[in-house]
Amino acid sequence: MQLSVKHLLGIRDLTRQDIQLILDTATEFKEVLQRPIKKVPSLRDVTIVNLFYENSTRTRISFELAEKRLSADTINFTASGSSVSKGETLLDTVNNILSMKVDMVVMRHSASGAPHFLAKHIPAAIINAGDGINEHPTQGLLDAFSMREKLGKLEGLKVAIIGDIMHSRVAMSNIYLLKKMGAEIMVAGPPTLIPKYIKEAFDVRVEYNLKKALEWCDVANVLRIQLERQNQVLFSSLREYSLAYGINKRLLDSLNKEVVIMHPGPINRGVELDSDAADSKQAIILQQVENGVAVRMAALYLLSGGRGTMN
Ligand code: CP
């Protein structure tokens with residue numbers, strides 16, 4: 001089977017079948033990653049550039065590892081230390097890299113729509129590794145993979161996305177994906193961090209009370225306050241945010257069920273999540289990171305045409 005898209009720019013463009021195919025392929029690659037020899041020849045002779053115009057720990061390392069596990073040749077580009085500081089444009093930078101016979105581009109950029117712009121101008125397949133406040137499709141996929149792995153299904157699952165919804169590309173990719181797969185979604189947080197249009201536009205529940213959100217959901221996907229994307233004051237202080245919307249073990253223990261805690265990282269400990277909750281048995285945060293490699297292997301493999309062997 002093949003994906004219906006040439007690029008992975010966002011979950012918005014994927015069909016339910018595409019999502020199912022990526023998650024099922026990731027399950028097979030996760031099995032490969034449990035073996036003593038974790039490497040397969042699937043992308044031998046494929047060259048991939050990881051183009052990071054914005055900081056990253058998990059996504060950049062995870063893509064690089066996924067590429068190495070698939071036997072691809074990889075090049076890592078970070079904007080700092082490059083000729084971007086001399087005024088070179090995104091398109092010139094990418095065309096120069098592609099002239100060295102590069103086949104695929106993984107790109108993170110602070111500008112929403114940057115990978116979509118690139119897709120109109122270059123022949124190589126592009127994977128969006130996070131663009132501004134728009135989408136972070138592989139994070140959405142690895143979140144869904146982790147939910148399915150933990151709870152056995154996506155259909156009918158109650159997922160609360162909690163925190164700075166307004167500036168979160170992770171929230172957008174989660175919403176697109178979970179809606180397509182039949183989950184129920186609630187967004188929760190302070191009114192100033194939840195877009196007014198979201199309830200009608202995306203058919204999601206909105207809740208401003210954290211405890212009520214936690215009482216409703218099976219899974220809480222907790223988000224970081226994206227201070228770097230806020231150009232005005234949207235809440236009084238981090239301390240007050242934490243008092244109203246911070247999750248700790250005492251709060252989790254006061255619920256009448258065990259909610260699964262997720263976070264895309266990086267965590268601001270003591271703000272949206274206290275250590276006793278982040279490091280508890282209810283949290284699957286490091287499993288999310290582990291699953292990111294298998295999910296990215298699946299995305300890379302399928303976008304390359306899926307012609308090589310998976311074994
Ligand atoms: N989840 C995520 O995108 O983390 P990084 O910013 O470290 O890549």
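Just follow the structure's listing: the first ligand is 1, and inside any ligand the first atom is 1.
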Might you work through the ring pair (Phe, Tyr, Trp, His ring centres under 6.0 Å) test for Phe77 and Phe52, ending with a clear yes or no? CA-CA 6 Å; Phe77 169 96; Phe52 278 71; 9.6 Å; no
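At a 4.0 Å cut-off, at least one heavy atom of Gly265 sits close enough to ligand 1 to count as contact. Residue contacts with ligand 1 do not include Glu54, since none of its heavy atoms lies under 4.0 Å from the ligand.
The single protein non-hydrogen atom nearest to atom 6 (O) of ligand 1 is Arg108 NH1, 2.9 Å, given as residue, atom name and distance. For atom 1 (N) of ligand 1, the closest heavy atom belonging to the protein is Pro264 O, 2.8 Å. Scanning all protein heavy atoms for the shortest distance to atom 4 (O) of ligand 1 gives Arg58 NE, 3.1 Å.
For a threshold of 3.5 Å applied to N or O pairs, the pair formed by Arg60 and ligand 1 contains no separation below that value.
Remark: the Arg148 side chain and the Thr27 side chain contain an N/O donor-acceptor pair separated by less than 3.5 Å. A side-chain donor-acceptor contact under 3.5 Å links Gln139 and Asp143.
In terms of modelled atom types and a separation under 3.5 Å, the side chain of Asp92 and the main chain of Glu88 share no donor-acceptor contact.
With Asn55, Thr59, Thr138, Ile61 as candidates, the residue nearest to atom 2 (C) of ligand 1 on a non-hydrogen basis is Thr59.
Close contacts between ligand 1 and His136 involve ligand atoms 2 (C), 3 (O) [criterion: under 4.0 Å to a heavy atom]. Taking every non-hydrogen atom of Thr57 and a distance limit under 4.0 Å, the qualifying atoms of ligand 1 come out as 5 (P), 7 (O), 8 (O).
Within 6.0 Å of the NZ atom in Lys150, the count of heavy atoms belonging to other residues, nucleotides or ligands does not exceed 12.
Tested against Glu64, the residues Thr74, Asn50, Asn76 include a single side-chain hydrogen bond (donor to acceptor under 3.5 Å, both in side chains) partner, Asn76.
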If you look only at distance, which donor and acceptor atoms sit under 3.5 Å apart when one is on a side chain in residues 187-206 and the other is two or more places apart or in another chain?
from: Thr192; atom 1: OG1; to: Leu234; atom 2: O; distance (Å): 2.5
from: Asp203; atom 1: OD2; to: Lys179; atom 2: NZ; distance (Å): 3.3
from: Arg205; atom 1: NH2; to: Glu184; atom 2: OE1; distance (Å): 3.3

